Amino acid sequence: MEKQMFTDRFASVFGTESFFKKQKRIALKNCGLIDPENINDYIYADGYKALGTVLTKMTPKDVVETVKASGLRGRGGAGFPTGRKWELTAQQESDEKFVVCNADEGDPGAFMDRSVVEGDPHTVIEGMAIGGYAIGSSKGVVYIRAEYPLAIKRLIKAIDDARKENFLGKNILGSNFSFDIEIRYGAGAFVCGEETALIRSIEGLRGMPKSRPPFPAAKGLFGKPTLVNNVETWANISSIIVNGVDWFSSIGIDKSKGTKVFALAGKIVNTGLAEVPMGMTLREIIYDVGGGIPNGKKFKAVQTGGPSGGCLTDKMLDTKIDYESLMQAGSIMGSGGMIVIDEDSCMVNIAKFFLQFTQDESCGKCIPCREGTKRMLEILTRITDGEGKPGDIEKLEELGNVIKKASLCGLGQSAPNPVLSTIKNFREEYEEHVYQKKCRAVVCEKLITYTINDKCIGCSACRRACPVVAIKGAPKEAHSIQQELCIKCGKCFRSCKFHAIDKTSEAKEQK
Amino acid sequence: MSSPLAVLEAKKQQAKKNLEEIGYFSDVKIYVGMATCEIAAGSNHVMEVFQNAVKEDKSLKGVYLSQKGCAGRCNLEPTVEIYQKGKDPVKYVKVTAENAKIIIEKHIKKGEVIKEWVGK
């Protein structure tokens, strides 16, 4: 019964809502249930029981073995086996070791980590303290982005309260284990979510990645062995210790155990945070948890893994959500962003959006990423502007593959993914843009034609709205747009109250 | 010397006492979502309404009011949960300051659940 208490309290409160029915809460077990600023609430919900258990009954080696046996893998995106990371760091001989929590959540549209830190900060602290005990470290650092002021405030309060209660500090709970945590702020650079860049940023240096090996487990923060895990990974630890390895590894499938939190966004009825068991299909999460596509629109694609991930089509909806299956389908698990795209979105434009982000965030250290993404973005911009040339798509593929292979860190290695996966799955849309100057979703501004239909009553609203005087017509008579003057700003379309202006993008004759 | 688990058990008892003192085990409990997302949706105004009511309205004496993190229902925020002893928790969604006042009058004082505002 007690085991159920620890993670099933959430279901007892929220289980009746269809959004939560297929969910399984481990990392988010307390989010939405307890007062994050009251440590008593956490302790009373069996908080710090895992830390107490570890300090009473387990050797550091036992803890490492437990995490290893659980099958937990890094929730930050890459999915490296967490226990293996712990083991590697534990094996290092050093006078000092560090535990780092990566809370530099930079993917556009992802907010899992913020939610955990804001809703249940103690679970992260507890996880880190257990990690410290396991690898023989007495110092933890949370690297959190400064754009999360409330999360920072709550984390600071939680750390202070934990110190007062001796869950942090010297001789924790009367044992001979000492551990403390400090906070470092990230200034908002996406690349600082990459562990070597993150470490440099904590050291006060410019946030740029280093080549690995040596891995942080051997030479990390200030040259000492360092264990870096993501917020969500840390939030899983206490449940694994309290409920046991068998319980944890019974959730999920084969090589991916436990759950994953996804931030559902885009064209989906229930936008929100969903924690689902690994192995659930994309269809289940989009339609059963997410409630499907709003306004009767047709599903077109789902983008997982943020700017490092790829777009999957309706044919791949039965792909299981686990590290390997998503990789095989051409995307990645990533940190958990899931953006649903409907027929009103242009895939070329979406690829351009993500590439714009990574191009902007490229730190500039290695040439394939710095120069390559810039050139790719130029080509994509050209295509969406209706100036695409034959051979552009092939050039994008070539560039993308080189960048993937030749970049130093995960940012560059994954930056072309949104472009490559959309070319793979939606090549005909790219071809329409390049060869027919057509955008089937009617999104790419320069490829749109505005025309006035016979519903026009001659009210002149569009004529007055047009900034380039491209609309002609006497009052109370049908108006017309002079295409050679039109700059496609869309002001006429928005000003018309009679649905008399059509916005279309048709294949154009090639000169 | 007592074990860390024994120390923790003592802390849990103390936590229970501390919670008792602030009315945590009250028959009526109100939780208002106060994560960044909820606040952006206006939950601070909702919180204010409940705070004032609990402070000033004598018939709400002993009601426990608390903030909470977000449960993940972005499109339905702000959310408010009402726990009443012996009953299933009622979860209101898209709560406004105006709705909060009505929830206090109808639900908390008279026990009438306002079904159309409950999340599904």
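Only this structure's heavy atoms are used, side chains among them; waters, hydrogens and symmetry mates stay out. Residue numbers start from 1 in every chain, and the chains themselves are labelled A, B, ... in the order their sequence lines are given, proteins ahead of strands. Predicted, not measured: the structure shown is a model, and the values here were computed from it.
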Open item on the list: Counting heavy-atom pairs closer than 4.5 Å to chain B, which one of A:Thr56, A:Ile34, A:Leu264 comes out on top?
Closed with: A:Thr56
TODO: Could you tell me which portion of A:Leu51 (side chain, backbone, both or neither) has an atom closer than 4.5 angstrom to a non-hydrogen atom of chain B?
DONE: neither
Task: B:Val63 side chain near B:Lys61 side chain, heavy-atom distance below 4.5 Å - done: no
Task: Contacting region of B:Glu38 [heavy-atom separation from chain A under 4.5 Å] - done: neither
Open item on the list: Can you tell me which portion of A:Tyr148 sits under 4.5 Å from chain B's heavy atoms? Options are side chain, backbone, both or neither.
Closed with: neither
- [ ] Could you look at B:Lys91 and say if it's the side chain, the backbone, both or neither that has a heavy atom under 4.5 Å from chain A?
- [x] side chain
Task: Centroid-centroid distance, B:Tyr31 to B:Tyr83, less than 6.0 Å - done: yes
Task: A:Glu126 side chain to A:Tyr42 side chain, donor-acceptor N/O pair below 3.5 angstrom - done: yes
Open item on the list: Please rank A:Thr16, A:Ile39, A:Asp41 by heavy-atom pairs under 4.5 Å with chain B and give me the top one.
Closed with: A:Asp41
Open item on the list: I'd like to know which of A:Ser12, A:Pro149, A:Pro36 tops the heavy-atom pair count under 4.5 Å against chain B.
Closed with: A:Pro36
- [ ] Return the option, out of A:Ala265, A:Gly52, A:Ala274, with the maximum number of heavy-atom pairs under 4.5 Å with chain B.
- [x] A:Gly52
- [ ] Could you walk me through whether A:Ile321 and A:Met338 pass the side chain to side chain contact (heavy atoms under 4.5 Å, CB included) test, one step at a time?
- [x] CA-CA 11 Å; A:Ile321 295 172; A:Met338 187 175 283; 4.2 Å; yes
- [ ] Return the option, out of B:Leu19, B:Asp88, B:Val7, with the maximum number of heavy-atom pairs under 4.5 Å with chain A.
- [x] B:Leu19
Open item on the list: Heavy-atom pairs under 4.5 Å with chain A - which of B:Ile22, B:Ile39, B:Thr36, B:Asn18 has more of them than the others?
Closed with: B:Thr36
Open item on the list: For A:Phe10 together with A:Phe20, are the ring centres under 6.0 Å from each other?
Closed with: yes
Open item on the list: Is A:Leu55 close to chain B through its backbone or its side chain, or both, or neither, when contacts mean heavy atoms under 4.5 Å?
Closed with: both
- [ ] With a 4.5 angstrom heavy-atom cut-off, could you sort out which part of A:Glu275 is near chain B: side chain, backbone, both or neither?
- [x] neither
TODO: Could you tell me whether B:Lys110 and B:Glu112 have a side-chain N and a carboxylate O separated by less than 4.0 Å?
DONE: no
Open item on the list: Determine whether the aromatic ring centres of residues B:His107 and B:Tyr92 are separated by less than 6.0 angstrom.
Closed with: yes
Task: Short side-chain donor-acceptor distance under 3.5 Å, B:Lys94 and B:Thr79 - done: no
